[in-house]
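Only one structure is covered here, and it is reproduced in the block below.
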2 protein chains.
Amino acid sequence: MKEDDFEVIRKSSIQLKFSKGEVVYKQGGKAQSLMFLHRGIVKFCYQYETGQNYIMTVVGGPKLLGGANLFFRETNIFSITALEDCDICLIDLPAFIQVAMGNPGYILALCEKTLTMFQHSIFNFISLAHNQVNGRIANVLLYLWEHVYKESGYDFTISRKEIAEFAACSHENVITTLSRFKKDGIIELEGKKIIIKDFEGLNIISKRG
Amino acid sequence: MKEDDFEVIRKSSIQLKFSKGEVVYKQGGKAQSLMFLHRGIVKFCYQYETGQNYIMTVVGGPKLLGGANLFFRETNIFSITALEDCDICLIDLPAFIQVAMGNPGYILALCEKTLTMFQHSIFNFISLAHNQVNGRIANVLLYLWEHVYKESGYDFTISRKEIAEFAACSHENVITTLSRFKKDGIIELEGKKIIIKDFEGLNIISKRG
DNA sequence: AAGTAAATATGAAATATTTAATACTAAGAC
DNA sequence: GTCTTAGTATTAAATATTTCATATTTACTT
């Protein structure tokens, strides 16, 4: 990236801090910026009219987000909410597009990142579609640990309710399943912290259902 | 698109015909081309080691496909199979990228199309995650009619097994559900052909589960 | 035309999942 | 400190779904 390109983008960006639980983007709101997640963890959430939530994916920084908004036009189709305290830089979309049109390589790179994120989601969805609750929860735990919490510096603490919204099942079912995993020695629960003991075992459950 | 750009791409493209049931791309195979679906209907299919299939999406021509491959690199993560006879033009990827690098607008446009396709899939997945079989099948029927069969020139005929692979349930369940829809006057079955009678009703079922 | 395979159809039994009722614990508000 | 709320935990009953067994129809092969 050339110095003056960088300057254009920096000038039109805003640095923000979000606390755990705060909403960064609101579903249905106007999408006017890309978002660089410096540090922290956020969830992408779809909300039904009935009030039910569905967590589409969870990602940790540093990562450029909002490629989806770049193409999905005017409105956000998801809410983005901080799961842990976040440092976020909002990048003005018109400024970015102006710079990007002079640098096809940026666009390709951004698309690649965005699609890679979608790809993760899609594999998660495929797991949802074809596995039973056991396998879905195992899959969610593995994803969260490997791709989000492992190197994030945050404790692997996430509420049963949120696991339920990610694995698309009732929170009672998550509680029961986690208890069983614990009894079987696959995970340990230290206060709020989840510790995976037997990755191999979880993997097998995640595949076989 | 400029004339000579078009020429470069045309020179490196191949026109092919595929019959109903033929595999266009094989999951795990090398991805070396974009694909322009002139005419016909294809399914994107994910296959498990266990032999189970899952249909990720179904699309009808004319449409540019394979943007996923452009970014998901070396190997196809899905198989693409013809559901109806297809005319397909395979576009050499290196040639396309060469032209595209000189035209950032093409890349944006391609990404937008690809992401729009993903967006459809994602809404479908969200329906899968949160609805019961009734709603999932209603959703699949509406999607297939509205976005694939309605203006395709093909009869809306698709096997119960394929609906099952799309809605992620057993084929027995599809059969039972279609019978009930028929009894309730929501659809009609004319031989192999599915005719939706009550769009409003299907929509309600698709939303309420 | 007969035989075979594939798709459609149906019902019963087995299994999985949600819902509802209830209780305990931890954290935040006042 | 007490009250309130949200999260965690467990169970039984109600419901949804899959699996299995079996039959019929349709399409394809020879």
Side-chain angles (χ1 to χ4, degrees), chain A residues 19-22 43 48 50-55 81 83 127-141 155-184 187-195 205 208-209, chain B residues 19-21 48 50-55 81 83 127-141 155-184 187-195 205 208-209:
Chain A
S19 312
K20 192 167 178 162
E22 271 191 282
K43 61 175 175 180
Y48 284 83
T50 59
Q52 269 183 107
N53 281 321
Y54 179 65
I55 295 181
T81 305
L83 277 186
S127 155
L128 286 190
H130 269 291
N131 285 327
Q132 304 192 286
V133 167
N134 259 352
R136 303 211 297 263
I137 292 176
N139 194 57
V140 163
L141 290 179
D155 275 353
F156 186 10
T157 58
I158 185 169
S159 77
R160 314 294 195 253
K161 187 158 155 277
E162 262 148 356
I163 294 177
E165 288 174 355
F166 202 177
C169 63
S170 66
H171 72 275
E172 288 91 339
N173 216 332
V174 174
I175 290 165
T176 309
T177 304
L178 288 189
S179 300
R180 192 169 48 248
F181 283 176
K182 185 182 169 183
K183 212 180 60 192
D184 295 348
I187 62 170
E188 260 179 37
L189 301 172
E190 245 181 35
K192 303 227 130 196
K193 220 160 110 186
I194 298 171
I195 301 158
I205 293 170
R208 298 261 146 239
Chain B
S19 312
K20 192 168 178 162
Y48 285 83
T50 60
Q52 268 183 109
N53 281 322
Y54 178 65
I55 295 180
T81 305
L83 278 185
S127 153
L128 286 190
H130 269 292
N131 286 326
Q132 305 190 285
V133 167
N134 260 350
R136 301 211 299 262
I137 291 175
N139 194 58
V140 163
L141 290 178
D155 277 353
F156 186 11
T157 58
I158 184 169
S159 76
R160 313 297 194 252
K161 187 158 154 276
E162 261 148 356
I163 294 177
E165 289 173 353
F166 203 176
C169 63
S170 67
H171 72 274
E172 288 93 334
N173 215 334
V174 174
I175 290 165
T176 308
T177 303
L178 288 188
S179 300
R180 190 169 51 246
F181 284 176
K182 185 182 170 184
K183 212 180 59 191
D184 295 348
I187 63 170
E188 260 181 34
L189 301 172
E190 246 181 34
K192 303 231 130 195
K193 220 160 109 186
I194 299 171
I195 301 157
I205 294 170
R208 297 263 146 237

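Here is how names work: the chains are called A, B, and so on, in the same order as the sequence lines, proteins then strands, and each is numbered from 1. Side-chain atoms are counted along with the backbone in the values below, which use heavy atoms only and exclude waters and symmetry mates. In this text the structure is predicted, and so the values were computed from the model without any measurement.
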[atom2] on [Y] to [atom1] on [X], rounded to 0.5 Å:
| X | Y | atom1 | atom2 | value |
| --- | --- | --- | --- | --- |
| Ile187(B) | Arg180(B) | CD1 | CZ | 10.5 Å |
| Lys20(B) | Thr81(B) | NZ | OG1 | 13.0 Å |
| Thr176(A) | Arg160(A) | OG1 | CZ | 11.0 Å |
| Lys192(B) | Asp155(B) | NZ | CG | 12.0 Å |
| Ile205(B) | Asn131(B) | CD1 | CG | 11.0 Å |
| Ile163(A) | Asn173(A) | CD1 | CG | 12.0 Å |

List every contact pair, protein side and nucleotides 10-13 of chain C side both N or O, where the distance is under 3.5 Å.
residue	atom	partner	partner atom	Å
dT10(C)	OP2	Ser179(B)	OG	3.0

How would nucleotides 22-29 of chain C be written as a contact map, 5' to 3', with B for base contact, S for sugar-phosphate-only contact and - for no contact, using protein heavy atoms under 4.0 Å?
--------

Note, Phe181(B) side chain near Ile194(B) side chain (heavy atom, < 4.5 Å)
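Of all side-chain heavy-atom pairs linking Ile194(B) with Phe181(B), none is under 4.5 Å.
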
Are the side chains of Ile158(A) and Leu83(A) in touch, meaning some heavy atoms are under 4.5 Å apart?
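A side-chain contact under 4.5 Å exists here.
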
Leading and trailing nucleotides of DNA chain D with any atom under 4.0 Å from heavy atoms of chain B:
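Reading along DNA chain D, I get dA16(D) to dC20(D).
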
Least distance between heavy atoms, Ala129(B) atom then Ala168(A) atom:
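Result for this residue pair: O-CB, 3.4 Å.
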
Between Lys43(A) and Glu165(A), what is the shortest heavy-atom contact and its length?
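Scanning both residues, the minimum pair turns out to be NZ-OE1, 4.2 Å.
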
Under the criterion side-chain contact (heavy atoms from CB on, under 4.5 Å), I'd like the reasoning laid out for Lys182(B) against Leu178(B): C-alpha separation, chi angles, the key distance, then a yes or no.
CA-CA 6 Å; Lys182(B) 185 182 170 184; Leu178(B) 288 188; over 6 Å; no

Interatomic distance, [X] [atom1] vs [N] [atom2] [rounded to whole Å]:
| X | N | atom1 | atom2 | value |
| --- | --- | --- | --- | --- |
| His171(A) | dA21(C) | NE2 | C1' | 12 Å |
| Arg180(B) | dA9(C) | CZ | C1' | 14 Å |
| Lys161(B) | dA9(C) | NZ | C1' | 17 Å |

Regarding Ser170(B), tell me which of base, sugar-phosphate or nothing describes its non-hydrogen contacts under 4.0 Å with the strands shown.
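Base, at least one base heavy atom under 4.0 Å.
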
Need to verify one output field. Residue with the more 5' nearest nucleotide on DNA chain C, Leu178(B) or Ala168(A)?
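Taking each residue's closest nucleotide, the earlier one in sequence belongs to Leu178(B).
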
